[in-house]
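The structure under discussion appears below in the form of C-alpha cells.
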There are 2 protein chains.
Amino acid sequence: MHNELHTINITVSALIDLLKAPPILADFENIELRALASLQVDERRVQADGTIINQGERIRSIHLVQSGWGCVYRDLSNGERQVLDFPMRSDFVGLRTAAGRSYNTVAAITPMTVFEVPLCSLANAIQQAPKLSFILIELFARQRSLLIEHLTNVGCRSALVRTAHLLLELGDRAKACGMGDDKGFDCPITQYQLADALGLTPIHLNRMVRELREEGLLMFKNSRVDYLNRKALIALAEYDGEFMHMSVFDKTMSYSGAPLQS
Amino acid sequence: MHNELHTINITVSALIDLLKAPPILADFENIELRALASLQVDERRVQADGTIINQGERIRSIHLVQSGWGCVYRDLSNGERQVLDFPMRSDFVGLRTAAGRSYNTVAAITPMTVFEVPLCSLANAIQQAPKLSFILIELFARQRSLLIEHLTNVGCRSALVRTAHLLLELGDRAKACGMGDDKGFDCPITQYQLADALGLTPIHLNRMVRELREEGLLMFKNSRVDYLNRKALIALAEYDGEFMHMSVFDKTMSYSGAPLQS
DNA sequence: CGTCTACTTGAACGGGGTCAACGAGTGTGG
DNA sequence: CCACACTCGTTGACCCCGTTCAAGTAGACG
C-alpha cells in the first residue's frame, strides 16, 4: 500500500500494516500517514519469559504487539496474583495507570515482537493528525470490554462456565488475527496462568478442563485448544463474541451517522 | 475563570469547571477553550433509579457525571448481574463497547446530573484541539485502573478484604471530588448493590460489614460509611489509593519529561 | 395498618480450595 | 547412558469459605 510515501521507515511501515489489518482495520488518509511517518517506533524482541514492563516501573511509551503471546498480571503482597489479560497480535499494552508507573507486569509467554512508541512521539503524531487519537481510544475501549468480560467471569460465572468462556474468547481473538479458526487454536498458556486469570487454583482448573473434555466440548492438550463441539460450548458459556469488536468509530474513521469534517 | 470568552454557553462553562476541578485537573489554553465553546453539551437530569443507558442500546454520546451516584452493571441471562462500577462526579460513562451498542446498563442510585456530549461533536472538538483527546485518554486509563482493581478484588482477595478495599476506594474517590474526608463519606449504595460489585451474596456481604464493625474498623449504617480505624483498615485491605490517580499526562497536558510542541 | 424494600441472623449445604502425591516431558550434568 | 532436577499436568481425600434456604426485624410510605 502506502506507495505514495517512498521515504517511509520500514518499522513504521510494518506498524501501519498492523493497524490496517484485522481486528483494528484503520483506514488512513494522507494526513495520518504523514504523521505516522514521523513517528519514533522501535521494534523490540522479547524472548519467552522475558518481561516488557515490570510492576512499579516508570512508563514512557506504549507497546503494540506484533507477534507472540503475553501475560499481563498484578502481583499482590500475599503472593497471590491476578492475570488481567493475555495480549496477542494487535493488542496494546503499557499506558501507565497510576502516578506515572505501571501497576502491572507484562511478560512474554512465547517470544514476542512489539512496537514501542514513546508517548511524546505519539502525542506529536496526534497533534499533527488528531484522528490518530481515535485509534488509541478504540484500543482502550476494546481493552475495557475485555476487562469487563473477565470481571464478569470471576464475579458471577461458575468455574466450568468461566473456563469455557475464556477459552472461547482467546480463540476468537486468535482467529481475528489469523492464528486459528473455528476448530481451535494454538494456546501456549499454561494451566497455572489460566487459573490465575480465572481466580481458580490450578488443581481446580485442571478438573474443569477435564470435565469439558469428558463432556465432549473441548480438548486442551500440548499447547493446543480444539473445540470438539463449539455450538454446545458457546451455549454452555453463554458466549457472545460481539463484546470485543471495535466500533466506537466505524472503519472510515468517522462517527457512524455523523461523518467528521476534514 | 474563562472570562476571556464571554459568549460561552453556560452548560459548556459548567463542564469546563468540572474538567478543571480535581481529580481531572485539566489545564486549558485558548485553543482548547475555543474548541470546547463549540461543543454540543446537554445537561441531563436523571431521577433516582432512572437509567442513563440501557444494555443493548445504541450509543451516540458520552456522559460525564456532574453530581449524584450511579451504578454500571451487566445483566446475565441467568439472572445474575455484575456491578462494574459506581460512577460519581467527574467519572465518565457511556462510550460504546461493541458493535455500536452498550453492553452494560448505567442506572442512577441517587438523582444525577450528567453532561451528555454527542460523539460527533466531541470528535469535531478533538479535531480542532487535539489535546482534548488526552483528557479522554486519561479518563479511559483511570477507568481501566478501577476495573483492574475490581477484577483483582473478586479474583484474589477474601470477602472481608475486598469489602474493605472497595469501601476505601469509594471513600477516596468521593473525597477527591469534595464529598467526604478521611473520617468517612455518605454512601447511598445498598448492600445488595455492593454485593453484586464484589461477587458476594448480600447475606455474606452483610456478615463482612458486621465483622468490620465488630473489629472496630468501619461503620456502615444509614447510607453513611465511617472509618473507625482507617490505618488498620488500609493495612487489612493492603490498600493503595495511588492506582486511580490520573497521570498519563501531567497537569500541563504534556508528557512528563517531554513537553509537547504547540 | 399493610406492604414495600433494606437489613439481619441462623443452620445446613456444596463449590472450590488445600494438602499430598504421582506421572510425564524436558533439559542438564556426570 | 542414566540419574537428577525441574516444570507442567493429573488425581484423590478432606475441609472451609461463601452460598442457599428460611425466617425475622426495622424503617418508609401508602
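Any value given below was found using the heavy atoms of this structure, including those in side chains, with hydrogens, waters and symmetry copies removed.
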Flag the pair Ile24(B) / Leu139(B) as yes when at least one side-chain heavy-atom distance between them is below 4.5 Å, and no otherwise.
yes
What pairs meet the salt bridge (Lys or Arg N to Asp or Glu O under 4.0 Å) rule with one or both residues in residues 190-200 of chain A, with sequence neighbours excluded?
Arg81(A)-Asp196(A)
Going by the rule ring-ring contact (aromatic ring centres under 6.0 Å, His included), which residues pair with His150(B) if we only count those two or more places apart in sequence or in a different chain?
none
Counting C-beta onward and ignoring hydrogens, is there a side-chain heavy-atom pair between Leu170(B) and Val225(B) closer than 4.5 Å?
no
Only counting residues at least two apart or in another chain, list the ones meeting salt bridge (charged side-chain N to carboxylate O under 4.0 Å, His left out) with Arg230(B).
Asp172(B), Asp182(B)
With rounding to the nearest 0.5 angstrom, report the CG to CG distance, Leu146(A) to Leu166(A).
10.0 Å
Calculate, to the nearest 0.5 Å, the distance between atoms CD1 and CG belonging to Ile148(B) and Leu84(A) respectively.
5.0 Å
Would you call Leu15(A) and Thr11(A) a side-chain contact if the rule is heavy atoms closer than 4.5 Å?
no
Bounds of contact between DNA chain C and chain B, in 5' to 3' order, using a heavy-atom cut-off under 4.0 Å:
dA6(C) to dA11(C)
Please tabulate the protein-to-nucleotide N/O contacts below 3.5 Å involving nucleotides 7-9 of chain D, giving atom names and distances.
from   : atom 1 : to        : atom 2 : distance (Å)
dG9(D) : OP2    : Gln191(A) : N      : 2.7
dG9(D) : N7     : Tyr192(A) : OH     : 3.3

Partners meeting salt bridge (charged side-chain N to carboxylate O under 4.0 Å, His left out) with Arg157(B) (sequence neighbours left out):
Glu149(B)
So, does Asp42(B) use its side chain to make a donor-acceptor pair with the main chain of Arg44(B) at under 3.5 Å?
no
Considering only heavy atoms, which members of residues 211-219 of chain B lie under 4.0 Å from some atom of DNA chain D?
none
Atom pairs, N/O to N/O, protein against nucleotides 16-20 of chain D, distance under 3.5 Å?
from    : atom 1 : to        : atom 2 : distance (Å)
dG18(D) : OP1    : Ala159(B) : N      : 3.0
dT19(D) : OP1    : Gly199(B) : O      : 3.4
dT19(D) : OP1    : Thr201(B) : N      : 3.2
dT19(D) : OP2    : Thr201(B) : N      : 3.2
dT19(D) : OP2    : Thr201(B) : OG1    : 2.9
dT19(D) : O4     : Arg207(B) : NH2    : 3.0

With 3.5 Å as the limit, what N/O pairs link the protein to nucleotides 24-30 of chain D?
none

Could you tell me whether a side-chain N or O of Arg162(A) sits under 3.5 Å from a main-chain N or O of Leu198(A), the two making a donor and an acceptor?
yes
Residues forming a ring-ring contact (aromatic ring centres under 6.0 Å, His included) with His165(A), sequence neighbours excluded:
Tyr239(A)
If a pair satisfies ring-ring contact (aromatic ring centres under 6.0 Å, His included) and one of its residues is in residues 207-226 of chain A, list it, with sequence neighbours excluded.
none
Assess the side chains of Thr152(A) and Gln82(B): does a donor N or O sit below 3.5 Å from an acceptor N or O?
no
May I have all residue pairs that pass salt bridge (Lys or Arg N to Asp or Glu O under 4.0 Å) and include part of residues 213-228 of chain B, sequence neighbours excluded?
Asp186(B)-Arg224(B), Arg224(B)-Asp226(B)
